[in-house]
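A short write-up of the structure that comes next.
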2 protein chains.
Amino acid sequence: MTRRPTSRDVAQAAGVSQSTVSLVLGGKWHGRVSPATARTVRRAAERLGYRPNLAARNLRLGTTRTVLLVVPTPSSTFFGAVYTGAAEVAARHGFGVVVYPWPDDTGSGDASAQGGPFASPREAIDGVLASSLAVEVLKEFSHTPAVMLDNDPAGATPTVAFAVADGMRALAAHLGALGHRRFGHVAAAADQWTFHERGGALAAAVAALPGGELVRATSVIDVGAAKEAAGRLLDRPDRPTVLVCDDDLMAAGAYKAARARGLDIPRDLSVTGFDDDVLATALEPELTTVRLPARRLGAEGMTALLQLLDGRSPEPRSLPAELVVRASTASPRH
Amino acid sequence: MTRRPTSRDVAQAAGVSQSTVSLVLGGKWHGRVSPATARTVRRAAERLGYRPNLAARNLRLGTTRTVLLVVPTPSSTFFGAVYTGAAEVAARHGFGVVVYPWPDDTGSGDASAQGGPFASPREAIDGVLASSLAVEVLKEFSHTPAVMLDNDPAGATPTVAFAVADGMRALAAHLGALGHRRFGHVAAAADQWTFHERGGALAAAVAALPGGELVRATSVIDVGAAKEAAGRLLDRPDRPTVLVCDDDLMAAGAYKAARARGLDIPRDLSVTGFDDDVLATALEPELTTVRLPARRLGAEGMTALLQLLDGRSPEPRSLPAELVVRASTASPRH
DNA sequence: GGGGGTTCGTCATACGTATTACTTCCCGTC
DNA sequence: GACGGGAAGTAATACGTATGACGAACCCCC
């Protein structure tokens with residue numbers, strides 16, 4: 001016999017019935033199977049290297065113990081961290097995590113191109129953990145329990161979000177205390193809650209500052225594009241004394257724009273980022289930014305989702321967005 | 001009826017038997033079902049929103065159409081790209097991809113802690129795509145078709161690897177042509193084929209250079225640690241004129257070590273990386289490095305694995321590692 | 001008009017598991 | 001010695017699909 005051993009093989013080897021094997025290995029044998037036979041069964045399973053067939057189990061139980069993590073761009077350190085946190089919590093509860101890269105070419109287009117109702121692994125799922133893409137995701141997985149990540153907590157679906165407004169306020173306060181008044185905002189051109197939130201908080205904070213002014217340029221999240229956008233702000237006659245960027249990657253672009261114009265950071269210009277990516281400490285000078293604990297986002301999101309799957313309704317949780325002051329911010333020159 | 005519709009429901013709605021539904025939707029009905037009934041069935045399936053139950057299908061077919069991607073650290077842009085390439089090819093063949101973060105806390109420790117033979121989704125798998133961790137991975141998935149990524153092509157399992165030696169040679173030639181003779185190697189302290197390969201190629205190339213000298217410092221792949229290692233090389237009396245780093249991230253550390261000592265890049269010191277991460281263009285000056293097409297690695301690896309699953313034996317493929325010259329290298333001052 | 005082929009379907013079954021209902025055995029008690 | 005009852009284990013079944021073995025029409029042609 002070269003095929004994978006089944007519970008029936010174990011039963012035969014142990015001299016019992018298949019049901020007994022299932023009971024013992026399932027852990028629900030107390031008072032139904034004698035400790036002695038239980039041991040025999042476990043020993044036989046061990047010896048044969050038995051591993052339960054997942055497909056059969058799933059079919060029988062009607063559950064997969066798998067959740068889908070929907071991410072816009074898997075090749076980012078941020079979502080790598082989210083994944084890690086989520087997978088950690090999931091594993092602790094016997095759940096697995098499957099990644100679904102949302103808008104990339106791997107998307108649903110290919111799947112339906114298979115002809116007929118084609119089921120990809122992403123359909124064998126108990127729940128969905130989705131980041132920042134509310135509308136579309138909910139459309140495709142409408143009848144599946146879902147938790148949103150870093151989305152509007154006021155929405156219909158349970159959400160775990162960063163307190164990005166807090167973070168932005170803390171950042172603005174730090175800059176205000178340094179003496180900055182003319183702010184430039186290098187904003188992400190993405191229609192997502194978190195960016196609207198950041199923009200709103202910054203605008204409010206600057207408006208509350210005596211003599212505060214705010215100019216804005218938008219770009220996609222990319223070094224080159226951000227450099228260009230930052231350049232537009234720096235070329236204004238009333239050049240800002242600080243560039244607040246929506247992302248660390250964009251801050252790297254701002255660095256380049258500044259240096260191309262002979263501006264020293266932080267002496268001539270302060271720059272800030274958002275996320276606290278590896279990049280933040282790789283840049284020179286090291287970047288003042290707002291730390292978003294991505295791994296924790298994944299972990300808390302998964303916790304909430306598991307609660308949801310368990311029938312309990314998870315309380316909405318908010319994660320801190322903490323200011324990290326490094327070397328890219330200083331008082332403006334007079 | 002509120003539950004998920006089954007093929008039997010579709011059959012009833014279309015006024016045919018379950019087998020007919022299965023035949024039609026499976027696409028194997030030519031000569032067995034009339035085009036008219038086929039249309040009826042498809043229409044009914046559409047109307048009910050029928051999606052096949054994956055667990056049942058897997059059980060019946062004894063296959064999961066899923067492959068496992070084993071990665072050491074999912075929170076890196078490199079493996080994100082590998083994943084994307086792999087998932088793309090997989091989807092085109094109706095396969096899904098599940099990620100298994102290898103040595104992290106999510107590992108097998110937790111799984112066995114569940115008590116009894118606990119099956120995680122990572123076991124319902126047709127094949128394994130594993131990167132750089134040969135020995136251990138093969139231990140756990142010994143009876144599963146596997147393809148290695150970026151590992152020794154001479155090994156027993158089929159492999160798709162970068163021609164890192166070529167890349168390193170091209171890099172050394174570039175530096176030699178600029179006039180460099182005293183090389184510093186900031187090497188990754190990881191016991192992986194790719195790093196041995198890089199080190200060997202560099203040593204050979206430098207040795208072949210008239211008057212070539214090579215000093216080496218190792219560190220883990222991390223900005224801070226690399227900065228420290230690079231510093232050790234820069235503090236030598238016979239300071240190297242160029243630091244060749246095993247990774248872009250380590251090059252960032254080298255930048256910091258150089259700047260801490262008042263050395264200008266590339267005037268006083270040339271620095272090179274490896275990988276061509278986003279980081280490479282985010283740094284200033286932009287980093288001369290060797291590009292490893294990570295996405296292609298995933299794609300080719302998946303292609304090979306699918307061939308393997310198909311019974312064919314894949315020819316070992318090697319991917320180019322191409323030199324990318326940017327602004328961090330120049331001729332040494334005399 | 002009956003044999004043989006083609007077309008269109010259906011019946012029955014198996015995949016491997018978890019669980020409910022049931023049988024068997026044995027012991028203590030009146 | 002009959003009987004209640006717990007302990008230990010088993011038989012049977014269902015989950016939803018894919019497919020090989022069977023039928024039942026229908027047509028063609030000798």
Side-chain angles (χ1 to χ4, degrees), chain A residues 1 3-42 44-45 48-65 94 116-119 121 123-124 126, chain B residues 1 3-42 44-45 48-65 94 116-119 121 123-124 126:
Chain A
M1 162 180 31
R3 47 171 244 285
R4 204 177 202 248
T6 74
S7 64
R8 216 173 302 270
D9 296 326
V10 176
Q12 185 166 9
V16 298
S17 77
Q18 181 267 331
S19 354
T20 305
V21 173
S22 194
L23 284 174
V24 170
L25 266 32
K28 319 195 167 174
W29 54 279
H30 305 281
R32 308 203 29 167
V33 176
S34 79
T37 11
R39 204 156 355 159
T40 313
V41 167
R42 269 195 291 261
L48 296 186
Y50 169 70
R51 313 251 61 195
N53 179 315
L54 216 49
R57 188 216 288 270
N58 289 346
L59 176 57
R60 172 68 227 243
L61 296 181
T63 194
T64 62
R65 295 191 86 74
F118 168 77
E123 300 199 18
D126 289 344
Chain B
M1 162 179 33
R3 48 169 242 287
R4 205 177 201 248
T6 74
S7 63
R8 217 174 301 270
D9 296 326
V10 175
Q12 185 166 7
V16 298
S17 77
Q18 182 267 331
S19 352
T20 304
V21 173
S22 194
L23 284 175
V24 170
L25 267 31
K28 320 195 167 173
W29 54 280
H30 305 282
R32 306 203 32 170
V33 176
S34 79
T37 12
R39 208 165 355 190
T40 313
V41 167
R42 268 196 291 261
L48 296 185
Y50 169 71
R51 314 252 61 196
N53 179 316
L54 214 49
R57 187 216 287 270
N58 289 346
L59 176 57
R60 173 67 227 241
L61 296 180
T63 195
T64 61
R65 294 190 87 73
F118 167 78
E123 301 198 18
D126 289 344

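Numbered from 1 within each chain, the chains take letters A, B, ... in sequence-line order.
When the C1' atom of C/dT10 is taken as reference, atom CD of B/Q12 falls 16 Å away, rounded to whole Å. Remark: C1' of D/dC15 and CZ of B/R3 are 11 Å apart, rounded to the nearest angstrom. Atom-to-atom, CG of B/N58 to P of C/dT17 comes out at 14 Å; the value is rounded to the nearest Å.
Note that the CG atom of B/L59 and the CG atom of B/L54 stand 11.5 Å from one another [nearest 0.5 Å].
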Reading 5' to 3' through nucleotides 17-24 of chain D, protein heavy-atom contacts under 4.0 Å coded B for base, S for sugar-phosphate only, - for none: BBB-B---
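At distances below 3.5 Å, not a single donor-acceptor pair connects side-chain atoms of B/R51 with backbone N or O atoms of B/T6. Put simply, the side chain of B/R57 never gets that close to the backbone of B/T64: no donor and acceptor are under 3.5 Å apart. In this structure, the side chain of A/N58 does not engage the main chain of A/A55 through any donor-acceptor pair within 3.5 Å.
Applying the side chain to side chain donor-acceptor pair (under 3.5 Å) rule to B/T37 yields the partners B/S34; only residues at least two apart in sequence or on another chain are considered. Looking at residues two or more places apart in sequence or on another chain, you find a side chain to side chain contact (heavy atoms under 4.5 Å, CB included) between A/A44 and A/V10, A/A13, A/A14, A/R47.
Under the 3.5 Å distance criterion, with hydrogens and angles disregarded, a donor-acceptor pair is assigned to the side chains of B/T63 and B/D126.
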Give every donor-acceptor pair under 3.5 Å between a side-chain atom in residues 19-28 of chain A and any protein atom, sequence neighbours left out.
from: A/S19; atom 1: OG; to: A/S17; atom 2: OG; distance (Å): 3.3
from: A/T20; atom 1: OG1; to: A/S17; atom 2: OG; distance (Å): 3.2

Identify all pairs in which a protein N or O lies below 3.5 Å from an N or O of nucleotides 25-27 of chain D, and state each distance.
none

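Closest approach to the A/L59 side chain among D/dG9, C/dG16, C/dG9 is made by C/dG16 (side chain taken as heavy atoms from C-beta onward).
Considering only side-chain N and O atoms, A/S34 lies under 4.0 angstrom from the phosphate OP1 or OP2 of D/dG9.
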